[in-house]
A.B. asks: 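This structure is in structure tokens; I'll ask about it shortly.
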Amino acid sequence: MPQGKPVSVPDDGLTTRQRRNRPLLIVHTGPGKGKSTAAFGMALRAWNQGWPVGVFQFVKSAKWRIGEERALRVLGDSGEGGPVAWHKMGEGWSWIQRPGSEADHAADAREGWAQIKRDLAAETYRFYVLDEFTYPIKWGWLDLDDVVETLTSRPGGQHVVVTGRDAPERLVGAADLVTEMGKVKHPMDAGQKGQRGIEW
């Protein structure tokens, strides 16, 4: 069983308590399944701590009804843990790009990022999930310098988890915790489509 002990203790002048409570920038990336799932699992822990949780989805369609959304909304409304807010950026992004729709999706992504910046400045949430956030960065819809600067200079004790494939090196370098999900095998490789209870 892991003991949760650091490998080394930096000479940064912080007490053990200050270091333990330092807000983290976390990135879940890589080609494997489970990046968002892991982030939502962390959101459950944040909810249990009574922290306000903000989820911002950038790619999955607003029409999709995913299990984590329903569960976290119910928990957020239960009054037992922290409140949960779930934001979908426009209509989401289909893996099949439709002609004439990219400009709208780019505008939705910029609007969503502007809202996150406002929430970070106001310290609206204690825990943020920026789901599939690497894609609008990769597609050039958001400015990477602005993203890295905003996330690394956020005030207070706000934890942020970014998910998505192909996380840019500068974001990975700025993060405190990075997990790369590797794919060994997936049913879709054998032609099987996504299924209930597994993908949503």
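Both backbone and side-chain heavy atoms feed into the values below; hydrogens, waters and symmetry mates do not. These numbers were taken from a predicted model, which means no experiment stands behind them.
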A.B. asks: For the residue pair W113 and F133, categorise the inter-ring angle as parallel (less than 30°), tilted (30 to 60°) or perpendicular (more than 60°).
C.D. replies: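 Ring orientation, 0 to 90° scale: tilted.
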
A.B. asks: So do L142 and R110 actually touch side chain to side chain, heavy atoms under 4.5 Å?
C.D. replies: yes

A.B. asks: Below 4.5 Å, heavy atoms only, C-beta onward: do V178 and E180 meet side chain to side chain?
C.D. replies: no

A.B. asks: Give the intermediate values and the outcome of side-chain contact (heavy atoms from CB on, under 4.5 Å) for residues D176 and R22.
C.D. replies: CA-CA 10 Å; D176 302 290; R22 192 171 57 87; 3.1 Å; yes

A.B. asks: I'd like to check Y125 versus H159 (side-chain heavy atoms, cut-off strictly below 4.5 Å). Are they in contact?
C.D. replies: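 In short, these two side chains do not touch, never coming nearer than 4.5 Å.
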
A.B. asks: Write down the atom of D143, the atom of D146, and the distance for their closest heavy-atom approach.
C.D. replies: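 Heavy-atom minimum between the residues: OD2-N, 2.8 Å.
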
A.B. asks: How long is the straight-line distance from CG of L144 back to OG1 of T134, given to the nearest 0.5 Å?
C.D. replies: 11.5 Å

A.B. asks: Side chains of P168 and K138, heavy atoms from C-beta outward: is any pair under 4.5 Å?
C.D. replies: no

A.B. asks: Any side-chain heavy atom of H186 within less than 4.5 Å of one from K33?
C.D. replies: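 Yes, side chains in contact.
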
A.B. asks: Under 4.5 Å between side-chain heavy atoms, counting indirect links through other Ile/Leu/Val/Met/Phe/Trp/Tyr residues: same cluster for M181 and V129 or not?
C.D. replies: no

A.B. asks: Over all heavy atoms of both residues, which pair between G164 and T29 is shortest? Give the atoms and the distance, please.
C.D. replies: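 The answer is O-OG1, 2.8 Å.
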
A.B. asks: Count the heavy atoms belonging to other residues, nucleotides or ligands that lie under 6.0 Å from CD of Q195, then report whether that count exceeds 12.
C.D. replies: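 Buried by this count: over 12 neighbours within 6.0 Å.
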
A.B. asks: Could you check whether any side-chain heavy atom of V53 comes within less than 4.5 Å of a side-chain heavy atom of L72, counting everything from C-beta outward?
C.D. replies: no

A.B. asks: If you measure from CZ on F58 to NE2 on H105, what distance do you get to the nearest 0.5 Å?
C.D. replies: 13.5 Å

A.B. asks: Measuring from I116:CD1 to L130:CG, what's the distance to the nearest 0.5 Å?
C.D. replies: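 CG of L130 is found 4.5 Å from CD1 of I116.
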
A.B. asks: Which is it for H28 and M42 under the side-chain contact (heavy atoms from CB on, under 4.5 Å) test, yes or no, and what are the steps along the way?
C.D. replies: CA-CA 12 Å; H28 294 170; M42 295 178 81; 3.9 Å; yes

A.B. asks: If I compare all heavy atoms of L120 with all of Q158, which pair ends up nearest, and what's the gap?
C.D. replies: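 Smallest interatomic distance, heavy atoms only, reads O-NE2, 3.0 Å.
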
A.B. asks: Can you give me the closest heavy-atom contact between E123 and G157, atom names plus distance?
C.D. replies: OE1-N, 4.4 Å

A.B. asks: For atom CD of E111, is the number of surrounding heavy atoms from other residues, nucleotides or ligands below 6.0 Å larger than 12?
C.D. replies: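 No, CD of E111 has 12 or fewer neighbouring heavy atoms, counting only those of other groups under 6.0 Å.
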
A.B. asks: Let me see the working for W47 and E80 under side chain to side chain donor-acceptor pair (under 3.5 Å), right down to the final yes or no.
C.D. replies: CA-CA 9 Å; W47 169 83; E80 293 188 25; over 6 Å; no

A.B. asks: Out of curiosity, K88 NZ to D108 CG, how far, rounded to the nearest 0.5 Å?
C.D. replies: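 One finds 13.5 Å between NZ of K88 and CG of D108.
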
A.B. asks: More than 12 heavy atoms of other residues, nucleotides or ligands under 6.0 Å from CZ of R45: is that the case?
C.D. replies: no

A.B. asks: Step through the shown structure and confirm whether more than 12 heavy atoms of other residues, nucleotides or ligands are within 6.0 Å of CZ on R70.
C.D. replies: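 Result for CZ/R70: open.
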
A.B. asks: Is any side-chain heavy atom of T16 less than 4.5 Å from a side-chain heavy atom of V9?
C.D. replies: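 With C-beta onward as the side chain, the pair stays apart.
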
A.B. asks: Enter the distance from D119:CG to Q115:CD here, rounded to the nearest 0.5 Å.
C.D. replies: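 So the gap between those two atoms works out to 4.5 Å.
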
A.B. asks: How long is the straight-line distance from OG1 of T179 back to CD1 of I26, given to the nearest 0.5 Å?
C.D. replies: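 Answer for the CD1-OG1 pair, I26 versus T179, is 8.5 Å.
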
